[in-house]
Structure formats: structure tokens, C-alpha cells
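What follows is one structure encoded as C-alpha cells, with my remarks underneath.
In the text below, chain A, chain B and the rest are named by the order of the sequence lines, each starting its count at 1.
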Amino acid sequence: MYNENIFDYMRTEKLPHIWCPGCGHGIITASIVRAISNLKLDKNNIAFVSGIGCSGRTPGYLDFNTLHTTHGRSLTFSTGIKMAKPKLKVINVLGDGDALAIGGNHFIHACRRNIDITAIIYNNSIYGMTGGQFSPTTPDGFIASTTPYGNCDPSFDVVKLASAAGASFVARGDAFHVLQLDKILQKAIDHKGFSVVDVLTTCPTQLGRRNKMKKPWENLDYIANQTVSIKKYETMSENEKQGKFPIGIFIEEKRDEYVETYTKRVINKAKGRK
Amino acid sequence: MSKLELLSGNEAIAKGAIVAGCNFYSGYPITPSSEIAEEMARLLPMNGGKFIQMEDEIAGMGAAIGASLTGAKALTATSGPGFSLKQEHIGFAIMTEIPVVIINVMRGGPSTGMPTYPAQSDVMQAKWGTHGDHSIIVLCPSSVVESFEYTIKAFNLAEQYRTPVIVLIDEVIAHMSEKVEIFSNSHYRIKNRIKPSVRPEKYNPYNVAFGSVPPLAPYGEGYRFHITGLTHDETGFPSMKARIVQDLQERLIEKIESKLKYFSFYEKYMTDDAEIIIIAYGSVARSAMKAVKDARKVGIKAGLYNPITLWPFNNKRMRRFAKKCKHFLVPEMNMGQMCHEVRSSLYGKNVNVYHLNKANGELISPSEILTKLKGVMHV
């Protein structure tokens, strides 16, 4: 797993990062960089895009064409980049509130188009940067700064949402099972089409602190216990499935990619008419 | 070599965009601007460009900015309610200094208002719609020919000043047809953004060593840099240092306002001896032109000033008018948005500024302006 090459892909002078001690975001970021390094991608041909929130700070530490956009809307910028310059490999990191609340519309439509972008959701189930308000993935009953009596909002299942919306690669990983995350991210980035990776991660400062997981390892331990392999999940009873998240690759299909389809079906036809 | 075409304002805008080198369009359908999207969907793929219909107005603006970052010339078009939605990303383009052109075919508001009727309801929104301090270039053509010409100019200005440029069109101009003489592409002066001349490792996306508009490298050509909507220093990375932030705020305004003389487009008619100058833009300028001619016939020395570059508003020119002329009339299809600016530009001058406002979907006719002129000039 240890890969010293990762620093070749980072703006090391920008470190240390702004994330809190014990935050899982650094684990995911390192995993993304290892995946890119293993795929031997050219730094000049990577556009690395983010929205707003803790995850939004990721591009600043990475030595690519980096873009820190607006809250929830990063996928729209990525779509423009990919359409206008298809040679760029576009990787887009998002937070759970970023991707699923304010950016929910952009997210499902990017899935629908199956445009060649990798969307990686740093899913810590909370709005960390704004002070710990509940997000669309905060578990039932959890305390957040805007759910002082316990969360009663139902949550999104990112995997089901992305699958139904049409993404051709859908996976879930987490910040505890890092070896597996490396492999999933490598496949997701290499995939042609819209790939979604829901990465469960920690926020000891805003989520853990209020929910008896104050120490970073307690929050990480919670993630470890929450996750089971897809294989095992399928053998579990409905009762056992409660509160568990299957991890692995759910969908990996070859499907027409948006920009290629546009080129083939629209541009070629239009040129014929000129 | 030129050819004559009968075009609507919306069609002329699409044609102008292609001539300007536009190769990307992203937007969302909205009346009365939709024909621009329809034309771009047809024209772009046959001219080496791409068109994408996005899931909403915000996305249409975001994709245009993303495309521009790769070096494309990007366009989006919208109308009132959609223009409101685009404001978030217009602010992003201002802050990050990414060229993009936004066409707003104005309709009645607030809210859904009157989707198919003309209005000039977004003059102030074009200037102040997004949060934070900034300057912005806004052009407002009065005819189909001007719609074509000023769309080309809008692209040139966006590229030259690394800024979003807004073109405001009255619905009536967007939908009426007029004759447009279109020349071959070499006839038009097309400007492209300055690319960096330094090696990639020396490049800073906001380096103002050689002027207030820094060169912009396209993504994917070896210049790896960072762009953020946060306040930033010359390297593009976030900075909250008071001096750096203040410099940035001032430069975002100065880089446009200090160059106004190069793009302060206008039309003047019989203002030299005018006792009253009508300040009118868009379709109203055409009614005002007729009103000036009719007024002269009944002995009112009227003149017309059409500030085609609505923003930044040219205060100096107004104050020059005020040296000789003591009466001004601002007819507009809103409740007095530009009149407000005219008054503030003439602050301290001993002049009268009259207004004529209509925000009911009807055009302002020459006879209405003439009646107002007669009233205020006691003829």
C-alpha cells in the first residue's frame, strides 16, 4: 500500500492540510493519489474539481489542473471541462451535503448522461465546515447541531441513487478498508463513463463528538463495524442489514459515454449537413 | 463579400457568437431566449463546437465556465428568472476572472412575471445581481444588427478583460426580424485571451506584473494551477490577508472601470444644441429617436443619448452633457432603474432629471415620449 510516489502528485508545500486531526479526508485523498499513481496518469491531463466544504479543499493539495468551485455545483463545471476538452481525465470530489443536498440535481443528471467523470463522495454524514449540521446521509437518531433532539430525517443511499440515475460504475468504499478503497478508486478512475464512489469517512470533530465517538479511532471503528462486503451483505437477514452498508463494486458496465456519443451522433451528422 | 439575411434578434446573437469564435454553449430553455439555444444546438456542431442542454440555469452557467477554463469561448443565454439563478456563477466567473458571455433576454418581473412580453427589468440585476463588490461589462443593443455586432464585441471584451460580459436584450428585439448584412469572417476583428509567455513552473494565474488583466492558461496544456472562488493571491491559492484581499477587490473593479473609454459604446443624436436630452437604451432608444425628430418639428430642441454600454455607466459623458443641457428625460420599461443611475451621475449639477416608466408589457411609443417632452418643456 505504501507508495512514496504519491508526493510526486501533491503540492507538498501546501501541507499540512486544514483538516482536523483524526479526519478521514486525508485517508481518502491519499488513496485517490495512489490510484492515479498506479494508473500512471499524466498530471497535465487531469482536471481535479471540487465543491464547497471540507472535501472542497482537496484539490489545493494536488498537483493537477485544479478547480475549487461553488457549493454543490462542481459537477456542472466538470461537465463543461469534459465536453470542451475530452482528453482531460476529470476527477470530481464532493461532500455528502455538497453532492446530495444542494447538488442533488446536478448529481443525478451527471449520472444520467454517463459523462466520463469520476465522482468521489467524501461521505462523513455531516456538514463539517459549517459546524456540524445534519446532512442527507446522517443516520437516524444522530445528534447534529440542527438535530439537537436526534435526527428524524430519512437518509439517502448513494449507491441506490446513483444506480437508478444511470451511472455506469457505482461503488462504495470507506476510510477504514483502505486497501480495498485503493482498488475501487483505481477502477473508478479508469472506468469510461460516469463513475461514482461513495466513501464513508469520519468527522470526529462534528459528528463523533456529539455521538459518543469523540476519539478519532472510535469514529473510524464505527465505520469499520458499519461496513460489510457485498457478498456477506447478501447473506444477511433484513434485521442484520439494519444500519449496515455493503462495500464493494455494485455496477461496472460498458455503456455509451456522453461526449463520444455526442461526437458520433451529433457532430458527424451536423457536419454532413453543412 | 457580404450577404444580407433576415434574422430575429435571437438568431443574430447566435450568428454573432459563431463569428466571434464561440465553440461552446450550455444553457437551459427559457422564454423568450430559447431560440438562441436552438440556433446554437444547430450551428455549433457544424462549426467545430459543442452544445449541451443542462439540468438547470445554474448548471448552464457552471458548464460554460468549465469549458472556458479549457480555452473554449463559451456562451449561455437566459431570461429574468434564469438570470436570477445564474448570479451565483456569474460571481464565480468575476472572482476567478474566467471569460464567458451571458445573454439575458429581458422579460417582465419579479418572479415568473410576463414571460412573453418586453421589459427592461434587469438593468440593476445585471450590475448588482451577484453578491460582493465587483465591476461588470453590460451591453444593450437596440436592433437586430446591433445584437449581432455587440455579441461579437461581448466575446472580445470577455477575452480581453478576463471577465463575464452580459448582453441585455429587450424581448421585442430578440423576436423581431430585421435585415442584417453579414460579411466574411475576416471582416470582423476577433480578440482572444492572452496566454502566458512564461514557462509552466513560473506561471501564476493572477500575476498582474504586466497589467491588471493577467494571462490565462487553458487547462491541459502543461500549466497546472489552482482556481478558487475564495479570495486568493497571485498564485490562485486562498488568501485572507487583508492587504492581498483589498488589492484583489480593487483590481477586480479597476481592471474594467479604468478601461471604460475603450468600450464605452453609445449613440448620440442631436445632442449638441439640445435643451433636453433623452437617455434611452434598447428598444426605447428607437422610440426616442422618433420622438426627438417629432419634438424638433414642434420647436422642442431635444436630443438622444443611447448608452449602449450600460455598465459601467459613463458618468463623465453625462457630466459633459450637463454643461450645456439642463433637462434630461429617462424613459424606460421598468420603474426607474437607469434613471437612478443618471441622477447619481449628475449629482451636484443644477439639472432636472425626469422619468417616464412603463412596466406593463407595452412598449414605450414615440408619442408617449413626445407628450412627456411637451409636458416638461411646457410646450
Side-chain angles (χ1 to χ4, degrees), chain A residues 11 14 18 42-50 52 56-57 59-90 105-110 112-113 115 258-259 262-263 265-274, chain B residues 23-26 41-74 76 85 88-89 91-93 95-96 98 100 200 205 217-230 232 235-238:
Chain A
R11 292 168 175 146
K14 296 293 169 192
I18 66 156
D42 181 352
K43 290 196 274 191
N44 291 324
N45 286 336
I46 295 177
F48 201 100
V49 185
S50 71
I52 294 292
R57 294 307 188 97
Y61 308 117
L62 303 177
D63 189 16
F64 307 121
N65 304 281
T66 56
L67 178 60
H68 177 210
T69 71
T70 52
H71 194 27
R73 327 234 177 262
S74 51
L75 284 167
T76 71
F77 292 81
S78 289
T79 301
I81 291 170
K82 188 71 196 179
M83 272 294 267
K85 205 170 245 183
K87 76 158 186 175
L88 292 173
K89 171 67 82 181
V90 184
N105 195 28
H106 309 306
F107 180 70
I108 56 172
H109 285 275
R112 172 179 65 80
R113 290 189 193 100
I115 188 164
Y258 187 78
V259 184
Y262 182 85
T263 306
R265 294 194 24 205
V266 178
I267 294 181
N268 291 345
K269 214 173 194 174
K271 281 189 174 155
R273 274 197 205 162
K274 200 180 176 181
Chain B
N23 53 2
F24 188 84
Y25 182 99
S26 53
R42 190 177 68 82
L43 293 173
L44 277 174
M46 59 172 78
N47 286 286
K50 291 195 183 101
F51 168 94
I52 185 167
Q53 184 170 310
M54 295 298 287
E55 57 273 14
D56 63 26
E57 296 279 3
I58 305 167
M61 193 67 215
I65 296 169
S68 180
L69 256 178
T70 72
K73 286 190 181 179
T76 188
L85 288 167
E88 178 187 16
H89 281 170
F92 186 87
M95 183 57 128
T96 56
I98 298 173
V100 58
Y219 271 10
E221 289 187 14
Y223 294 84
R224 297 186 306 276
F225 56 96
H226 189 57
I227 296 274
T228 176
L230 286 163
H232 44 265
T235 67
F237 286 92

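- A distance of 8.5 Å separates CD1 in Ile58(B) from OG1 in Thr76(A), rounded to the nearest 0.5 Å.
- In this structure a side-chain-to-backbone donor-acceptor pair under 3.5 Å is missing from Thr66(A) to Ile227(B).
- Looking at every heavy atom in both residues, Lys271(A) comes nearest to Pro45(B) through CG-O, 3.9 Å.
- Ring planes of His68(A) and His226(B): parallel class, angle under 30° (limits at 30 and 60°).
- Proximity to chain B (any heavy atom under 4.5 Å) is shown, for Lys82(A), by neither the backbone nor the side chain.
- Between Arg112(A) and Glu55(B) no salt bridge is recorded (no basic side-chain N to carboxylate O distance below 4.0 Å).
- Across all non-hydrogen atoms, the minimal contact from Thr69(A) to Phe92(B) is CA-CE1, 3.6 Å.
- Top candidate by heavy-atom pairs under 4.5 Å with chain A, chosen from Asn23(B), Ile52(B), Leu69(B), Leu43(B), is Ile52(B).
- The contact between Tyr258(A) and chain B is made entirely by side chain atoms (from C-beta outward), counting heavy-atom distances below 4.5 Å.
- Of all heavy-atom pairs spanning Lys85(A) and Glu221(B), the tightest one is NZ-OE2, 3.6 Å.
- Side chain of Lys87(A) to main chain of Gly220(B): a donor-acceptor pair is present (N/O by atom type, distance under 3.5 Å, no hydrogens or angles).
- Note that Lys50(B) lies outside the cation-pi zone of Tyr262(A), set by a 6.0 Å cut-off to the ring centre and a 45° limit from the axis.
- Contact of Asn105(A) with chain B is made through backbone and side chain together, with heavy-atom distances under 4.5 Å.
- Distance CE/Met61(B) to CZ/Arg73(A): 13.0 Å, rounded to 0.5 Å.
- Nearest heavy-atom pair, Met83(A) versus Phe24(B), reported as atom, atom and distance to 0.1 Å: CB-CE1, 3.5 Å.
- The heavy-atom pair separating Ala84(A) from Thr70(B) by the smallest distance is CB-OG1, 3.3 Å.
- Note: Leu67(A) CG to Ile65(B) CD1 = 9.0 Å, rounded to the nearest 0.5 Å.
- Of the atoms belonging to Ile267(A), heavy atoms from both backbone and side chain fall under 4.5 Å from chain B.
- Proximity to chain B (any heavy atom under 4.5 Å) is restricted, for Arg57(A), to the side chain, taken from C-beta onward.
- When heavy atoms are compared at a cutoff of 4.5 Å, Val259(A) approaches chain B solely by way of its side chain, counted from C-beta outward.
- For chain A, the nearby part of Tyr223(B) is the backbone; its heavy atoms alone come within less than 4.5 Å.
- Contact count against chain A (heavy-atom pairs under 4.5 Å) is highest for Gly222(B) among Gly48(B), Gly222(B), Gly229(B), Gly91(B).
- Residue Ala64(B): no heavy atom, backbone or side chain, is found under 4.5 Å from chain A.
- Considering every non-hydrogen atom in both Ala47(A) and Tyr219(B), the closest pair reads CB-CD2, 4.2 Å.
- If you measure heavy-atom distances from Phe64(A) to chain B, the contacts under 4.5 Å come from the backbone alone.
- In this structure, chain A has no heavy atom under 4.5 Å from any part of Leu44(B).
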